[in-house]
Amino acid sequence: MTERRHDREFVRTFFTSPTAVEGEDDSAKMLRRAAGLRGMQAPDVWVPDNEDATAPSMRDEGAENIVEVISEQGAEFPGEIHPRMVWHRDSPETRYQGFQHMLDITDPERGAVEHIDGFVIPEVGGIDDWKKADECFTIVEHEHGLDEGSLAMSVIIESGEAELAMCDLRDEMGKPSNNLERLFLLVDGEVDYTKDMRAMTPTGELPAWPELRHNTSRGASAAGCIAVDGPYDDIRDVEGYRERMTDNQAKGMLGIWSLTPGQVVEANTSPLPPKTGSWLLDADGEEVELASEDGVEAYDGDRLSLEATDGGYELRVGGDARELTADELREELLGLTSYVPSMDDIVDSMEEFEAAKEAGRGAIAMTQSATLRIGGTEIDIEKDRMWDEATYQAAMTPISLFQDVYENRPDQHDELEERYGAGVVERAMEVGL
């Protein structure tokens with residue numbers, strides 16, 4: 001994996017808030033509210049949004065509000081702060097406006113820049129446009145006496161040009177003619193991407209764009225950046241938001257845009273290992289979490305049934321009934337079940353492998369076992385999984401994320417210890433080091 005270039009190795013949440021609300025006595029009220037978020041409601045990256053979330057007529061005032069609120073409250077905010085400026089690959093006027101706002105916001109005499117970690121640049125095009133944005137950052141740093149490269153740049157992938165530009169990053173980063181090493185987040189913007197691609201769906205809803213999310217995750221991994229998915233705008237569809245994050249995490253995209261503090265909580269907790277382990281059963285195409293009852297994993301639905309017979313067992317899945325011996329049934333159930341490990345389970349396995357490696361063993365078998373109850377019939381199942389160094393490193397990802405969160409978000413310590421227990425947290429902070 002390419003080495004990360006910034007303090008945060010993982011970003012779970014990218015939370016935007018308008019910089020100026022028209023018609024309010026205090027146009028900065030949404031900024032003040034966001035700046036006061038703490039714990040699981042506070043994002044890893046807060047984005048005061050002076051682009052799409054703020055009306056064009058309010059953006060000058062929005063830039064002033066950013067300075068006022070961040071200079072007053074930025075020191076106490078527990079995450080990173082990356083305001084979003086206006087930019088457009090086809091509009092020099094828009095790019096200049098964004099550049100001027102960056103200059104104003106980062107004036108050291110105004111007190112905000114010491115709490116600002118970088119800026120988010122939307123609507124980028126080909127790699128030359130990324131370099132234009134980078135040059136603006138360099139000029140801002142030079143004008144204000146800031147260290148070169150001290151302001152991180154995150155970009156929103158909203159066009160086919162930007163998607164293709166990610167392929168050029170490895171060759172361009174590190175050249176003397178640019179400071180693209182400052183790149184931090186690669187964020188998908190599916191709405192404008194859909195417009196740029198001239199895509200349509202029968203319902204008018206956005207396409208899922210799994211290819212874009214995969215390409216952004218791949219581009220971020222290759223360039224040492226962090227991939228973040230775009231906004232999920234049906235804020236009441238909590239289950240859909242969770243499914244989107246689960247799909248993203250399988251692609252290595254562990255961060256997602258959040259539009260409300262409620263979505264922030266969901267996104268902050270989603271990539272963390274669960275508090276307790278659980279067994280899943282494929283019940284005729286429907287994945288069901290089994291209920292744990294006194295050490296037995298129970299299924300009481302009607303999609304699958306099991307009965308003991310004189311010669312073995314009858315397993316009925318949907319309308320299909322099969323006579324099976326005990327060994328055949330165990331083999332069948334192993335194919336229908338899977339286990340989601342808890343944080344404690346993962347730490348246990350990693351500690352066991354570390355001890356085996358210390359003793360000179362390169363691979364060991366880890367056993368998972370359970371007693372299943374389907375209807376009123378019980379049967380024991382057991383399977384082994386080989387752990388080697390590659391397995392260990394793959395299992396390290398959720399632990400590394402937890403360690404990154406715990407180190408960078410002390411405001412979440414109490415909630416994490418309440419979730420897992422202080423002992424598990426202490427052990428999780430020690431494995432892999």
Can you tell me if [X] and [Y] form a side-chain donor-acceptor pair at under 3.5 Å?
X      : Y      : result
Trp130 : Asp168 : no
Glu415 : His413 : no
Asn178 : Asp134 : no
Arg385 : Thr391 : no
Ser270 : Gln249 : yes
Thr16  : Trp257 : yes

Would you call [X] and [Y] a salt bridge, using N to O less than 4.0 angstrom?
X      : Y      : value
Glu307 : Arg316 : no
Glu135 : Lys132 : no
Glu161 : Arg89  : yes
Glu389 : Lys357 : yes

message = Can you confirm whether more than 12 heavy atoms, excluding those of Glu328, are under 6.0 Å from its CD atom?
response = yes
ask   = For Asp7, does the CG atom have more than 12 heavy-atom neighbours from other residues, nucleotides or ligands under 6.0 Å away?
value = no
Donor-acceptor check, side chain of [X] to backbone of [Y], threshold 3.5 angstrom: yes or no?
X      : Y      : answer
Ser349 : Asp345 : yes
Arg12  : Asn268 : yes
Arg213 : Ala208 : yes
His88  : Asp90  : yes

query = Would Arg218 and Lys251 satisfy side-chain contact (heavy atoms from CB on, under 4.5 Å), going step by step from the backbone distance to the final call?
reply = CA-CA 8 Å; Arg218 179 181 62 180; Lys251 296 178 172 68; over 6 Å; no
Shortest non-hydrogen contact between [X] and [Y], atoms and distance:
X      : Y      : answer
Asp411 : Arg38  : OD2-C, 3.8 Å
Ile399 : Val431 : CG2-CG2, 3.6 Å
Thr13  : Asp44  : OG1-N, 2.7 Å
Tyr241 : Ala267 : OH-CB, 3.8 Å

ask   = Asn50 and side-chain contact (heavy atoms from CB on, under 4.5 Å): which partner among Thr19, Asn65, Ile105?
value = Thr19
task = Please lay out, stage by stage, how Arg427 and Glu430 fare under the test salt bridge (charged side-chain N to carboxylate O under 4.0 Å, His left out).
result = CA-CA 5 Å; Arg427 291 166 54 218; Glu430 293 176 353; over 6 Å; no
task = Show your reasoning for whether side-chain contact (heavy atoms from CB on, under 4.5 Å) applies to Tyr232 and Met245.
result = CA-CA 10 Å; Tyr232 191 88; Met245 288 186 285; over 6 Å; no
request  = If the plane angle is over 60° it's perpendicular, under 30° parallel, otherwise tilted; pick one for Trp279 and Tyr339.
outcome  = tilted
ask   = Parallel, tilted or perpendicular for Tyr392 and Trp387, by the 30°/60° rule?
value = perpendicular
message = Test side-chain contact (heavy atoms from CB on, under 4.5 Å) on Glu426 and Glu417; report intermediate values, then the result.
response = CA-CA 9 Å; Glu426 183 178 356; Glu417 289 177 7; over 6 Å; no
key: Pair Lys195-Asp192, salt bridge (charged side-chain N to carboxylate O under 4.0 Å, His left out): steps then yes or no   = CA-CA 5 Å; Lys195 177 185 69 176; Asp192 282 297; 3.1 Å; yes
query = Between Phe119 and Leu151, is a side-chain contact (heavy atoms from CB on, under 4.5 Å) present by the stated rule, with each step listed?
reply = CA-CA 7 Å; Phe119 289 94; Leu151 294 172; 4.2 Å; yes
